[in-house]
2 protein chains.
Amino acid sequence: MKAKKKKENFRSDCPISSALDLFGDKWSLLVIRDLVYFGERTFKDFSNADEKISSARLSDRLCKLEVLDLIIKSNHPTNKKVFVYRLTEKGMDLFPVIAEYVRWSNKYLNDHINEPAKQFSKQLEEDREGTLLKFMQKSS
Amino acid sequence: MKAKKKKENFRSDCPISSALDLFGDKWSLLVIRDLVYFGERTFKDFSNADEKISSARLSDRLCKLEVLDLIIKSNHPTNKKVFVYRLTEKGMDLFPVIAEYVRWSNKYLNDHINEPAKQFSKQLEEDREGTLLKFMQKSS
DNA sequence: TAATTTTACTTTCAATTCGGAAGTAAATAT
DNA sequence: ATATTTACTTCCGAATTGAAAGTAAAATTA
């Protein structure tokens, strides 16, 4: 269930540290990533991602992100057991952050990252604004 | 001392998760932030930041970031006891990531963040490319 | 020059967080 | 009617963190 929102204790009034206080763990941005890419995901879909998050961890990340209003949880249209997660606008607005991680990794971890990511990074280099807009409109 | 670089075990070939594997903790980007802002910092300078990192944690973050070649450590010109940390180009290239965190927080945590950050965010909104360039050239 | 302070750490340890495995319960498929 | 799937929850040992205290060398002060 969606837990009560207990007050966040920010370390400072710095926007960077505050953002990290909210979703600066190793999993939150990967959930956002999947939702940017696929538009909607179920618990199982997230579980199947390459990074293999444990179900306990996925469960509490999804709760936190929902409490933060970065994602919303709704019922599956036909299957009552399944829930569908999507991005809110607030969550979608993290896409530029993600895009910059991609560019950095494309430059410095190039021989390690997958081909589609390289392609996406190339698009970003050629037309950052356009590429971002294209993705962000697709899901609104 | 600068530890041996033990092989990084990336969770996947995704550029986002890989970047998070390298510096996706709650402190690394704050060290980078201080260096973007001030150009150079000593151990004590970092310790004095608002977030109050413990010295044990600061010590191992600095080591990791140095091993990753995101920062370099050099002697203080006059004081043998003090070391000066600076960004490498690789580290400076994280500035766009940081800038996007600032924009996001300025939009969604506006009443919590400090005034200079708001000003910086405003500059970014008006001229992202120019603002980034101005900062990134300042320290090369 | 001797004593004090400063700086850059290291050490220790309790508390929090994490990963992995196993379990549960309801809904769906067979 | 039974088996399977899905979305979790529960446990627990291991890893990471934060806070406090300690250390050693260099610089400053008396």
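A note on names: the letters A, B, ... follow the listed sequences, proteins ahead of strands, and every chain is numbered from 1.
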Peer 1: Against A:E100, only a single residue in B:I16, B:V97, B:D93 fulfils side-chain contact (heavy atoms from CB on, under 4.5 Å); can you say which?
Peer 2: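 So the option named by the test is B:V97.
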Peer 1: Of the candidate nucleotides C:dT7, D:dT17, D:dA7, which contains the atom at the shortest distance from the side chain of B:V82?
Peer 2: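 That would be C:dT7.
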Peer 1: Could you give the CG-to-P distance, from B:D60 to C:dT10, as a whole number of Å?
Peer 2: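 Answer to the nearest Å: 9 Å.
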Peer 1: Side chain of B:K44: nearest nucleotide among D:dA21, C:dT7, C:dT12?
Peer 2: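 Selected nucleotide (nearest to the side chain): C:dT7.
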Peer 1: Indicate whether any N or O donor in one side chain lies under 3.5 Å from an N or O acceptor in the other, for B:S12 and B:S17.
Peer 2: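 Yes.
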Peer 1: Report yes or no: do B:S18 and B:D21 form a side-chain donor-acceptor pair below 3.5 Å?
Peer 2: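 No pair is found: no donor N or O on one side chain lies under 3.5 Å from an acceptor on the other.
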Peer 1: Does NZ or CZ of A:K73 lie under 6.0 Å from the centre of the six-membered ring of A:F83, at an angle within 45° of the ring axis?
Peer 2: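 Relative to the ring axis of A:F83, which defines the angle, A:K73 lies inside both limits.
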Peer 1: Output the single nucleotide from D:dT17, C:dA27, C:dA21 whose closest atom is nearest the side chain of B:D25.
Peer 2: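 Output: D:dT17.
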Peer 1: Nearest to the A:T42 side chain among D:dA27, D:dA7, C:dA21, which nucleotide is it?
Peer 2: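 Comparing D:dA27, D:dA7, C:dA21 against the side chain of A:T42, the answer is D:dA7.
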Peer 1: When the distance from CD of A:E51 to P of C:dG20 is rounded to whole Å, what number comes out?
Peer 2: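 Taking CD of A:E51 and P of C:dG20, I get 13 Å after rounding.
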Peer 1: Heavy atoms from C-beta onward define the side chain here; which of D:dA7, D:dT9, D:dT17 lies closest to that of A:F83?
Peer 2: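 Looking only at side-chain atoms, A:F83 lies closest to D:dA7.
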Peer 1: Please evaluate the base of D:dT17 for a donor-acceptor partner in the side chain of B:S54 within a cut-off of under 3.5 Å?
Peer 2: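 Side chain to base: no pair present.
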